[in-house]
Amino acid sequence: MVVYIEEYRQMPKVNFYTVRLENEEDSETDRFISRFIASHEYRPDLEVILAALEEIGAKRGALPPGDATLFRPEKDAMALPPPQAYGNLLRLYGFICSDDIMVLGGGGRKTTKKAQDGDTRPAFRMMNQVAEILKHRLANQTVWIENQQLHGAYQQMNLPG
């Protein structure tokens with residue numbers, strides 16, 4: 001499976017990137033938002049996630065990674081909403097590259113105890129694969145961060161199965 005990492009939204013503290021599948025017009029993040037924005041049941045949960053992104057992008061930045069007030073650790077990736085948003089049934093997955101760079105993926109409804117099961121499984125798996133590749137590329141400096149931008153070999157990834 002081929003995915004592309006593209007700039008999504010630049011804010012004062014964080015430049016957000018997103019994942020887009022090769023044959024899709026919309027990014028995984030946009031697909032997640034579109035799926036739940038019109039839902040009376042899930043819109044309040046989505047609004048909590050969007051407010052957290054706004055807080056991170058406009059005021060806080062993304063670090064430290066795994067900040068328990070901001071993110072749920074999900075293997076190599078992270079998830080929103082913040083842990084204190086008890087009862088929120090949605091998860092949006094991403095990866096923190098630095099304090100000012102985050103890559104957002106997709107998400108889904110939390111339908112099982114484990115994130116790697118149920119409705120969240122595809123987004124969880126994809127974002128963890130992307131995170132693993134980005135971590136490796138950042139470590140060996142084929143991807144680097146400069147002036148709140150990703151540079152190097154980040155735009156395209158071949159994910160297993």
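Just so it is clear, the structure is predicted and the values come from calculations on it, not from any experiment. For this chain, numbers begin at 1 and follow the sequence in order.
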Student: Under the salt bridge (charged side-chain N to carboxylate O under 4.0 Å, His left out) rule, collect the residues that match up with D76, sequence neighbours excluded.
Tutor: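 Here the qualifying residues are K135.
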Student: Determine yes or no for a side-chain-to-main-chain donor-acceptor pair under 3.5 angstrom, with D99 supplying the side chain and A62 the backbone.
Tutor: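 Judged by distance alone, yes, a pair lies under 3.5 Å.
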Student: Show your working on side-chain contact (heavy atoms from CB on, under 4.5 Å) between D30 and Y8 and close with a plain yes or no.
Tutor: CA-CA 10 Å; D30 284 338; Y8 186 66; 2.6 Å; yes
Student: When you look at CG of N147, are more than 12 heavy atoms from neighbouring residues, nucleotides or ligands closer to it than 6.0 Å?
Tutor: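 Open.
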Student: For a quick test of reading the model, state the closest non-hydrogen atom pair linking M11 to L53 and the distance between them.
Tutor: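 For M11 versus L53, the nearest heavy atoms are SD-O, 4.4 Å.
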Student: Could you go through the side-chain contact (heavy atoms from CB on, under 4.5 Å) check for V130 and L159 one step at a time?
Tutor: CA-CA 7 Å; V130 168; L159 304 182; 4.1 Å; yes
Student: Taking it one step at a time, do E74 and M127 satisfy side-chain contact (heavy atoms from CB on, under 4.5 Å)?
Tutor: CA-CA 9 Å; E74 299 283 357; M127 200 64 236; over 6 Å; no
Student: Answer yes or no: are there more than 12 heavy-atom neighbours, outside Q156 itself, under 6.0 Å from its atom CD?
Tutor: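 Yes.
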Student: For Y93 and N128, which I'm curious about, is there any donor-acceptor pair between the side chains at under 3.5 Å?
Tutor: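 No, because no side-chain N or O of Y93 sits under 3.5 Å from a partner of the opposite role on N128.
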Student: When you look at F36 and Y42, which way does the ring-ring contact (aromatic ring centres under 6.0 Å, His included) test go after all the steps?
Tutor: CA-CA 6 Å; F36 297 108; Y42 295 108; 5.5 Å; yes
Student: Could you work out, with salt bridge (charged side-chain N to carboxylate O under 4.0 Å, His left out) as the rule, every residue matching K13, not counting sequence neighbours?
Tutor: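 Salt bridge (charged side-chain N to carboxylate O under 4.0 Å, His left out) check on K13 returns nothing, list empty.
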Student: Does CD belonging to Q148 count more than 12 external heavy atoms closer than 6.0 Å?
Tutor: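 It does: Q148 CD has more than 12 such atoms within range.
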Student: Can a donor-acceptor pair be found, under 3.5 Å and without considering hydrogens, that links the side chain of K110 to the backbone of T112?
Tutor: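 It does hold such a pair.
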Student: Hey, what do you get for CG (L92) to CG (L46), rounding to the nearest 0.5 Å?
Tutor: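 Those atoms lie 8.5 Å apart.
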Student: How long is the gap from CD1 on I133 to CZ on F95, to the nearest 0.5 Å?
Tutor: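 It is 11.0 Å, given to the nearest 0.5 Å.
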Student: The criterion is salt bridge (charged side-chain N to carboxylate O under 4.0 Å, His left out); which residues satisfy it with E7, sequence neighbours excluded?
Tutor: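 Partners of E7 by the salt bridge (charged side-chain N to carboxylate O under 4.0 Å, His left out) criterion come out as none, since no residue qualifies.
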Student: List for me each residue that meets side chain to side chain donor-acceptor pair (under 3.5 Å) alongside H151, sequence neighbours excluded, and say none if there are none.
Tutor: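 Once residues adjacent in sequence are excluded, H151 has no partner under the side chain to side chain donor-acceptor pair (under 3.5 Å) criterion.
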Student: Please confirm whether the backbone N or O of P81 pairs with a side-chain atom of R72, one donor and one acceptor, at under 3.5 Å?
Tutor: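 Looks like yes, one N/O pair under 3.5 Å.
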Student: Would you compute the distance between atom CD of Q10 and atom CD1 of I101 and round it to the nearest 0.5 angstrom?
Tutor: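 These two atoms lie 8.0 Å from each other.
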Student: Any salt bridge (Lys or Arg N to Asp or Glu O under 4.0 Å) involving residues 35-49? Give me the pairs, sequence neighbours left out, ordered by first then second residue.
Tutor: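 Checked against salt bridge (Lys or Arg N to Asp or Glu O under 4.0 Å) - neighbours excluded - the pairs reaching residues 35-49 are R35-D119, R43-E47.
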Student: Go through the structure and list residues passing salt bridge (charged side-chain N to carboxylate O under 4.0 Å, His left out) with R20, not counting sequence neighbours.
Tutor: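 With neighbours one apart ignored, the set is E6.
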Student: Check R9 with E54, please: is the shortest side-chain N to carboxylate O separation under 4.0 Å?
Tutor: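 Counted as a salt bridge, because a side-chain N and a carboxylate O are separated by less than 4.0 Å.
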Student: Taking atom OG of S27 and atom CD1 of I33, what is their separation to the nearest 0.5 Å?
Tutor: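 Between S27 OG and I33 CD1, I get 7.5 Å after rounding to 0.5 Å.
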